[in-house]
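Here is the structure we will look at.
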Amino acid sequence: MSQTDLLAELSWRGLIHQCTDQTGLSELLASGPQTVYIGFDPTASSLHVGSMMQLMMLRRFQKAGHRPIALVGGATGMIGDPSGKSEERNLLSAEQLQKNVDGVAQQMRQFLEFDGDQAAVLLNNYEWMQSYSYLDFLRDVGKSFPVGGMLGKESVRARLDSETGLSYTEFSYMLLQAFDFVQLCRSHGCRIQAGGSDQWGNITAGIDLARRMLGEQVFGVTAPLLTTSDGRKMGKTESGAIWLDPKRTSPYQFYQYWRNVEDADVMRCIAYLTEIEKEEYESLSEATESDPGRRTAQNRLAQWMTEFVHGSEGISAAVRASKILFGGEIGSQTDESLGEIFADVPSSEVERQLLNDDGYWVVEALQAAGLVASGGEARRAIKEGGIYLNNERVVDQQYRLGEKDLASETVMIFRKGKRNYALLRFSV
RNA sequence: GGGGGUUUGCCCGAGUGGUUAAAGGGGGCGGACUGUAAAUCCGCUGGCUACGCCUACACAGGUUCAAAUCCUGUAGCCCCCA
């Protein structure tokens, strides 16, 4: 991909929100391979959907022949970026921070190429900040930082006007991030910083600082934030963030999240997060327009994302689980395959001998499985036709469960309504 | 300190001696429809192997054949006077 294609691509994808000097940047990119950096906050040991967008941005630069630097904020993470936050952050402990940095660094390997001519570089700003003394920092960096400019930044003003205010520590955050840019410019010849639009203030601070300290002209470009059509941040559910780590968000949940994206948001997700090409993008957009019921774009998005993040095994597991969880036939399964498919479903154990003799009363089983709070509720649910055993409706309130009702060696699958599953394990 | 009012199920809110497990609404849960959507429609919404029994209308006690409903005391909330 040539340099001009890169900006054209970012632009049709809507990934350029603000840019400090569009023509300057495009000339710079055209003049040869450049180094570009994006900072990542190590607030957790896994990346989530929001940071994925930034990683894809770096990936796009790398594919176009530039060198990406993923900067993990080991030092800045100790302070906490106040941008876009309404409250003072809790400070993370040093050990927690280190764990997070390690976890995040690990995940980046699947997004960026760390070998070859334009090998990606992974840095931690703790490396150069840890031994920087306060006095030296004030003399070298603070000196070139006019407070008036800082006060003018939107991110600072918003917090100063709020009731919680802004601590000196958080106020200083900007200096640290600005200095990162200077440092990377010096050590790696990095002249471009990208980031989310909430980073605009920090990025421009870095550009000003580079001009003052190094006399260098550097550039900044921001991408829009990934929000829903009604303005909420994407990548969050009631139960928390969507993580890239399969231990935190299973491939199934991940897949389902994207499948369920609103029509109004789906095309933006595809543009921002995937590498689906323009022609396909347009045909998906057309499909959403003309036949929204088929959810063609959502399916494609879910499939692309899950495969990219969790590999071919992840996507096939997610699709298999989706088919069964949405009412498909269960048939005869093994404990192992059920365990995989129903990984996110609560399960309980009861004694196997309950199945002997007259069998185990469904109403009791439903209570044991935790699907209903009382026997009365269980009876009612059955009467209403809302209870399913291994995806087949239970009609008889007096039904007794026996060995024949097992879906696998030891497990029965109960469902209340469309989506509430619970496993009951009959152990020995 | 004195006087008046109020307290109902997850929430709001009717009910002022018996057919009241308590109208109506909201929420929740099921079902139908659908796009694993929205809207809509229908049903359910104290417990108990249950045509019966038990527990419930702030709490404790009393009157009565019978109380969420009447009386007394206690507590919470609200208003008026000082």
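A, B, ... follow the sequence lines: proteins, then strands. Residue 1 opens every chain. Values below: all heavy atoms of this structure, side chains included; hydrogens, waters and symmetry mates excluded. If you're wondering where the values come from, they're calculated on a predicted model, not measured in any experiment.
Among the nucleotides C48(B), C44(B), U34(B), the one closest to any side-chain atom of Lys418(A) is U34(B). Residue Arg259(A) places its side chain closer to U36(B) than to any other of U34(B), G47(B), U36(B). Candidate nucleotides C48(B), C29(B), U45(B) were compared by shortest atom distance to the side chain of Gln367(A), and C48(B) ranks first. Among U49(B), G30(B), G47(B), the nucleotide with an atom closest to any side-chain atom of Lys416(A) is G30(B). Listed nucleotides A32(B), C48(B), U49(B) differ in distance to Ser374(A); the shortest reach to its side chain belongs to C48(B).
At the heavy-atom level, Arg294(A) lies nowhere under 4.0 Å from the strands shown. Residue contacts shown for Tyr388(A) are limited to sugar-phosphate atoms, with no base heavy atom under 4.0 Å away. Among the heavy atoms of the strands, none lies under 4.0 Å from Asp291(A). Using a 4.0 Å heavy-atom cutoff across all strands shown, Gln256(A) reaches at least one base atom of the nucleic acid. When heavy atoms are screened at a 4.0 angstrom cut-off, Gly386(A) is found touching the sugar-phosphate backbone but no base atom. Within the nucleic acid shown, Gln398(A) comes within 4.0 Å of at least one base atom, counting heavy atoms only.
Remark: C1' of U49(B) and CD of Gln397(A) are 10 Å apart, rounded to the nearest angstrom. Following rounding to the nearest Å, Tyr421(A) (OH) and G30(B) (P) show an atom-to-atom distance of 13 Å. Rounded to an integer number of Å, the gap from CD of Glu364(A) to P of C48(B) is 11 Å. What separates CG of Leu301(A) from C1' of A37(B) is a distance of 16 Å, to the nearest Å.
Pair assignment for A58(B) gives U74(B), based on Watson-Crick or G-U wobble hydrogen-bonding distances that are each under 3.5 Å. In this structure A38(B) sits in no base pair that meets the Watson-Crick or G-U test at under 3.5 Å. Across all strands shown, G28(B) is found opposite C44(B) as a Watson-Crick or G-U wobble partner, with both distances under 3.5 Å.
Comparing Val261(A) and Arg393(A), the nucleotide of RNA chain B nearest to each residue sits closer to the 5' end for Arg393(A). Comparing Ala381(A) and Gln298(A) along RNA chain B, the residue whose closest nucleotide (by nearest heavy atom) sits nearer the 5' end is Ala381(A).
Between Tyr360(A) and the phosphate of U49(B), there is no side-chain N or O to OP1/OP2 separation shorter than 4.0 Å. Dashed line: the shortest gap from a side-chain N or O of Ser322(A) to OP1 or OP2 of U36(B) is not under 4.0 Å. Residue Arg419(A) places no side-chain N or O under 4.0 Å from the OP1 or OP2 atom of G30(B). Asn299(A) has no side-chain polar atom (N or O) that falls below the 4.0 Å cut-off from OP1 or OP2 of U36(B).
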task = Take Gln256(A) and Arg259(A) through the side-chain hydrogen bond (donor to acceptor under 3.5 Å, both in side chains) test and state the conclusion after the steps.
result = CA-CA 5 Å; Gln256(A) 283 296 325; Arg259(A) 259 208 71 144; 5.2 Å; no
inquiry  = Test side-chain contact (heavy atoms from CB on, under 4.5 Å) on Asp263(A) and Gln298(A); report intermediate values, then the result.
reply    = CA-CA 8 Å; Asp263(A) 295 348; Gln298(A) 280 90 340; 2.9 Å; yes
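A donor atom on one side chain and an acceptor atom on the other are found under 3.5 Å apart for Gln177(A) and Gln193(A). A donor-acceptor contact closer than 3.5 angstrom is absent between the side chains of Asp405(A) and Tyr360(A).
Taking the six-membered ring where tryptophan is involved, the planes of Tyr168(A) and Phe171(A) are tilted, since the angle between them lies from 30° to 60°.
A donor-acceptor contact under 3.5 angstrom links the side-chain atoms of Arg400(A) to the base of U49(B). A donor N or O paired with an acceptor N or O is found under 3.5 Å between the base of G43(B) and the side-chain atoms of Glu384(A).
Environment of CD in Gln110(A): crowded, with over 12 heavy atoms of neighbouring residues, nucleotides or ligands closer than 6.0 Å.
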